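Structure record follows, encoded as structure tokens.
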Amino acid sequence: MERNRLVIAIDGPAASGKSTTAKLVAQQLGYTYIDTGAMYRAVTLAALRNGVDPANREEVEKLAFHLSIRFQPQADGSLRTILNEEDVSREIRSQEVTKSVSAVSAWHGVREAMVQLQREMSKEGGVVMDGRDIGTVVFPDAEVKVFMVADIQARAQRRQVELVGNGKEMLVEDVVTDIERRDQLDSSREESPLRKADDAVEIDTSSLTIEEQVAIVLNLAQNVREKRISD
Ligand code: DC
């Protein structure tokens, strides 16, 4: 791995500000942004389209190993999610996918397939990856580890703004219920539950601006790079 190209792991519960921060940090550093949630969503979409019940472990795992999932960066900095050569960026954000993604991503084989892909995508370093298990399982040796949290109201409001931006209306109470349900499932599962790595830096984003969140992560990365140069 090139000396200065780090792996930056950003974990945290739903709507804690991970993806917006990760995307901007990657842009600033000229790194690749990898949205691992989008990968689990793509598997979920494939399952739903193929009539595979998310509760059917064997079928879901078989499917996960035979899918092609990749990302295509756009000129505007956004990332398209490509499932079997089809751009599914919009479809993976649907309510149906969001409802089933925690069940699908809890299966061991699904995680194994995705982690393998995630490591493959990052082998040159220079990546910012966000998810639930990046600092604990995917890259326990990541040079920068961040765990983002925020209070439920702040998270629900952010998700609400995002939904409205995508032309979807939802009551804030329903957004709260949805986020809490997903966090509960994601942190109580047996396989790679959502958990802060012991050496991760916790950032509470409830009252931070995006610029402040990005600056904190950039600063952590800068410290690591300076330390490497001086070692
Ligand atoms: O980040 P997101 O909301 O798009 O993630 C969707 C779901 O995918 C999340 O509820 C749990 C799962 N996920 C996971 O299990 N591990 C990851 N590294 C990322 C997401």
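This one's a predicted model, so the numbers in the text were calculated from it and none came from an experiment. Whatever order the structure lists ligands and atoms in, that order sets their numbers, starting from 1. Here, residue 1 is the first one in the sequence, and each next residue gets the next number.
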Provide, to 0.1 Å, the distance between [atom] and the closest protein heavy atom, together with that atom's residue and name.
atom: atom 2 (P) of ligand 1; value: Arg132 NH2, 3.7 Å
atom: atom 19 (C) of ligand 1; value: Thr36 OG1, 3.3 Å
atom: atom 20 (C) of ligand 1; value: Gly37 CA, 3.5 Å
atom: atom 6 (C) of ligand 1; value: Arg182 NH1, 3.5 Å
atom: atom 16 (N) of ligand 1; value: Arg111 NH2, 2.9 Å

Ligand 1 and [X], any nitrogen or oxygen pair closer than 3.5 angstrom?
X: Lys18; answer: no
X: Asp35; answer: no
X: Asp186; answer: yes
X: Arg41; answer: yes

Non-hydrogen atoms of [X] and [Y] that approach each other most closely:
X: Gly109; Y: Glu61; answer: N-OE2, 2.7 Å
X: Ser206; Y: Asp151; answer: OG-N, 2.9 Å
X: Asp87; Y: Arg80; answer: OD2-NE, 3.0 Å

Where ligand 1 meets [X] - atom numbers and elements under 4.0 angstrom, heavy-atom basis:
X: Ser102; answer: 10 (O)
X: Gly131; answer: 17 (C), 18 (N), 19 (C)
X: Arg189; answer: 14 (C), 15 (O), 16 (N)
X: Ser105; answer: 11 (C), 12 (C), 15 (O)

Whether Met129 lies under 4.0 Å from ligand 1, heavy atom: no
Hydrophobic clusters here meaning ILVMFWY residues chained together by side-chain heavy-atom distances under 4.5 Å, can you tell me if Met170 and Ile179 are in one? yes
Do the charged groups of Asp178 and Arg159 touch, with an N to O distance under 4.0 Å? no
Can you name the one residue among Asp186, Thr44, Asp183 that meets side chain to side chain donor-acceptor pair (under 3.5 Å) with Ser102? Asp186
Can you tell me which portion of Glu191 lies within the under-4.0 Å heavy-atom range of ligand 1? Options are side chain, backbone, both, or neither. neither
